[in-house]
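The structure appears below as structure tokens.
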There are 4 protein chains.
Amino acid sequence: MFEIDLRSREPIYEQLVEKIKELIINNVLKPDEQLPAVRVLASELTINPNTIQKAYRELEHRGYIYSIPGKGNFVKPAGLENNAARLIDLSKELKRTVSEMRYLGMTDQEIFALIQTSLSQDRR
Amino acid sequence: MFEIDLRSREPIYEQLVEKIKELIINNVLKPDEQLPAVRVLASELTINPNTIQKAYRELEHRGYIYSIPGKGNFVKPAGLENNAARLIDLSKELKRTVSEMRYLGMTDQEIFALIQTSLSQDRR
Amino acid sequence: MFEIDLRSREPIYEQLVEKIKELIINNVLKPDEQLPAVRVLASELTINPNTIQKAYRELEHRGYIYSIPGKGNFVKPAGLENNAARLIDLSKELKRTVSEMRYLGMTDQEIFALIQTSLSQDRR
Amino acid sequence: MFEIDLRSREPIYEQLVEKIKELIINNVLKPDEQLPAVRVLASELTINPNTIQKAYRELEHRGYIYSIPGKGNFVKPAGLENNAARLIDLSKELKRTVSEMRYLGMTDQEIFALIQTSLSQDRR
DNA sequence: GTGGTCTAGACCACA
DNA sequence: GTGGTCTAGACCACT
């Protein structure tokens with residue numbers, strides 16, 4: 001479920017954040033669903049509980065989950081938050097990605113087709 | 001030319017790598033064009049020469065420039081090398097970006113329009 | 001009447017304390033009025049009775065209610081007790097709040113206007 | 001400089017956050033000024049470095065400081081950020097404070113006077 | 001049993 | 001020397 005590469009340069013907690021964020025975005029983890037308990041996930045991944053905690057805390061800061069002390073961590077329903085700033089970043093990222101794809105020889109048609117499949121895929 | 005944000009959390013050498021990569025991708029730096037000498041750039045940016053060196057070495061490693069000892073560093077012509085692997089990565093990244101945009105509330109039309117402007121922009 | 005946010009990071013009993021305190025301060029709950037019985041409130045809010053008990057005990061400790069064993073919990077008339085200490089705390093808190101508002105860019109006029117509406121509101 | 005109450009119920013890192021935030025708001029710590037190094041502050045306060053780290057990270061999340069790995073932590077110049085949400089919270093807090101002051105017997109005149117001195121104080 | 005806090009101590013990357 | 005990451009292990013508060 002949560003695959004972690006211990007040898008990666010990317011910090012473990014950051015990998016976890018990205019993985020879980022992806023599961024939430026793709027609706028694999030449903031709104032208000034409970035995430036694995038810190039200690040449980042820690043023993044499953046043979047990772048220190050503090051590291052899991054850090055990942056969960058970071059996800060909370062970024063608005064993807066909420067934590068109830070003594071209860072657990074839960075998926076936050078897609079918010080009505082300050083998405084504007086994040087969307088601007090994503091737009092820039094998308095432009096950069098597209099630019100590099102063209103640089104590496106992909107035609108506009110191919111890029112277009114790729115995005116169309118992305119959009120038709122996992123429609124919710 | 002090379003704007004560096006000394007306040008950024010991102011390492012200086014990494015910022016340099018990204019900036020130069022971008023200039024190469026967008027054809028601002030032409031193939032076989034010589035990059036600024038390490039010491040020159042270092043004094044211009046008031047940055048440690050070691051940091052510039054590290055950025056150039058990294059760019060060479062990633063296949064964007066080549067180094068001729070005693071001569072300098074030069075833009076590598078867009079190769080036909082191992083682009084396949086990189087393109088797969090970029091495709092995944094693009095899908096991830098698009099997924100998150102939708103999650104944050106962007107409609108498919110808006111995303112599509114965004115990419116169209118990206119593609120029509122800076123056509124070479 | 002007593003709205004509790006089960007998703008909040010703030011402990012349930014603490015939320016209850018604040019809510020009830022607010023109702024007392026704003027004279028919604030009148031002096032010597034009886035508070036809902038522990039079990040009644042517990043079943044209404046579908047919350048553990050122990051949690052309600054803890055909130056009532058805390059309110060008693062803070063001087064907002066008094067308890068008559070076998071009878072129930074009642075609103076304590078605004079005492080002339082150790083208000084001095086509490087008022088000093090509140091003054092500090094108010095100053096802190098005002099300072100931060102200014103730091104965040106609010107003008108003195110705006111702050112003043114805000115307080116004037118606060119004072120004219122819910123005059124008793 | 002940074003006084004911490006080890007016996008307080010409030011977490012150490014949270015106390016630190018509040019203290020430093022206050023110093024920044026009151027312009028004691030100037031924009032872009034460097035904060036004490038993590039290890040230095042840790043040994044001064046005889047607190048674990050991880051705890052200081054946590055406080056600094058939290059301050060960064062809340063937009064009061066920025067961190068440059070390998071360099072240090074610095075005061076963030078008063079931003080042009082999303083202050084709206086925070087200001088709404090502060091307004092509510094201010095109203096709550098004023099309500100309680102009146103409940104405890106303070107007259108409107110007294111409250112008004114208090115705020116006037118707050119505003120005239122530490123004008124920058 | 002849950003999340004949250006804290007300590008002690010180690011190792012790494014950046015400049 | 002700086003911040004950042006991670007582990008091991010302890011203790012506390014809430015329900």
Side-chain angles (χ1 to χ4, degrees), chain A residues 4 6 8-16 34-43 45-58 60 65-74, chain B residues 4 6 8-16 42 45-55 58, chain C residues 4 6 8-16 42 46-55 58, chain D residues 4 6-16 34-43 45-58 60 65-74:
Chain A
I4 294 300
L6 293 171
S8 167
R9 297 185 49 124
E10 197 180 12
I12 295 175
Y13 87 93
E14 190 65 32
Q15 291 183 52
L16 258 177
Q34 182 165 5
L35 295 169
V38 171
R39 289 162 174 76
V40 171
L41 191 51
S43 76
L45 301 177
T46 56
I47 281 172
N48 191 289
N50 286 332
T51 306
I52 310 284
Q53 268 282 28
K54 194 169 184 179
Y56 279 1
R57 187 84 176 220
E58 188 62 29
E60 190 179 19
I65 71 174
Y66 61 91
S67 170
I68 308 181
K71 286 288 195 127
N73 290 275
F74 304 86
Chain B
I4 296 300
L6 294 171
S8 169
R9 176 165 222 109
E10 196 180 11
I12 295 175
Y13 89 94
E14 188 66 31
Q15 289 185 53
L16 260 177
L45 303 175
T46 56
I47 279 174
N48 193 309
N50 292 333
T51 306
I52 311 285
Q53 265 297 14
K54 185 161 187 179
E58 185 63 26
Chain C
I4 296 300
L6 293 172
S8 169
R9 177 167 221 105
E10 196 179 12
I12 295 175
Y13 88 95
E14 189 65 32
Q15 288 185 53
L16 259 178
T46 58
I47 281 174
N48 192 309
N50 292 333
T51 307
I52 310 285
Q53 266 296 13
K54 186 163 187 181
E58 185 63 26
Chain D
I4 295 301
L6 292 172
R7 294 168 314 181
S8 167
R9 297 185 46 125
E10 197 180 13
I12 296 175
Y13 87 94
E14 190 65 32
Q15 290 183 53
L16 258 177
Q34 181 166 6
L35 295 169
V38 171
R39 289 161 175 75
V40 172
L41 191 51
S43 77
L45 302 176
T46 56
I47 280 172
N48 190 287
N50 286 332
T51 305
I52 310 285
Q53 269 281 32
K54 193 169 185 179
Y56 279 1
R57 188 83 178 220
E58 188 62 29
E60 191 179 19
I65 72 174
Y66 60 92
S67 170
I68 308 181
K71 287 288 194 130
N73 290 276
F74 304 86

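What's counted below: heavy atoms across the whole structure, side chains too, no hydrogens, waters or symmetry copies. In what follows, chains carry the letters A, B, and so on, assigned in the order in which the sequence lines appear, proteins first and then strands, with residues in each chain numbered from 1. Model, not experiment: these values are computed from the prediction.
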Using a 4.5 Å cut-off on heavy atoms from C-beta on, say whether the side chain of A/L16 contacts that of A/L45.
-> yes
Would you give the length of the straight line joining atom [atom1] of [X] to atom [atom2] of [Y], rounded to the nearest 0.5 angstrom?
X: A/I68; Y: A/Q34; atom1: CD1; atom2: CD; answer: 9.0 Å
X: A/L6; Y: A/I47; atom1: CG; atom2: CD1; answer: 5.5 Å
X: D/K54; Y: D/Y13; atom1: NZ; atom2: OH; answer: 5.0 Å
X: C/N48; Y: C/I12; atom1: CG; atom2: CD1; answer: 9.0 Å
X: A/N73; Y: A/I52; atom1: CG; atom2: CD1; answer: 10.5 Å
X: B/E14; Y: B/E58; atom1: CD; atom2: CD; answer: 6.5 Å

By nearest nucleotide on DNA chain E, pick out whichever of D/R39 and A/G70 is the more 5' one.
-> A/G70
5′-ward residue of the pair D/K71/A/P36 relative to DNA chain E | A/P36
Heavy atoms of chain D, cut-off under 4.0 Å: which first and last nucleotide of DNA chain E, 5' to 3', fall inside that, if you could look?
-> E/dT5 to E/dA15
Can you give me the closest heavy-atom contact between [X] and [Y], atom names plus distance?
X: D/Q53; Y: D/V38; result: CG-CG1, 4.0 Å
X: D/S67; Y: B/R9; result: CB-NH1, 3.8 Å
X: D/I65; Y: D/Y56; result: CD1-O, 3.4 Å

The residue, C/Y13 or A/Y13, whose nearest nucleotide of DNA chain F is more 5′ is A/Y13
Taking CD1 from D/I12 and P from F/dC12, how many angstroms apart are they, rounded to a whole number?
-> 14 Å
When pairs are called at under 3.5 Å and a stem needs at least three consecutive Watson-Crick or G-U pairs, the stems of DNA chain E are E:1-14 with F:1-14
Near-strand residues of residues 47-57 of chain D, defined as heavy-atom separation under 4.0 angstrom from DNA chain E | D/I47, D/N48, D/N50, D/T51, D/K54
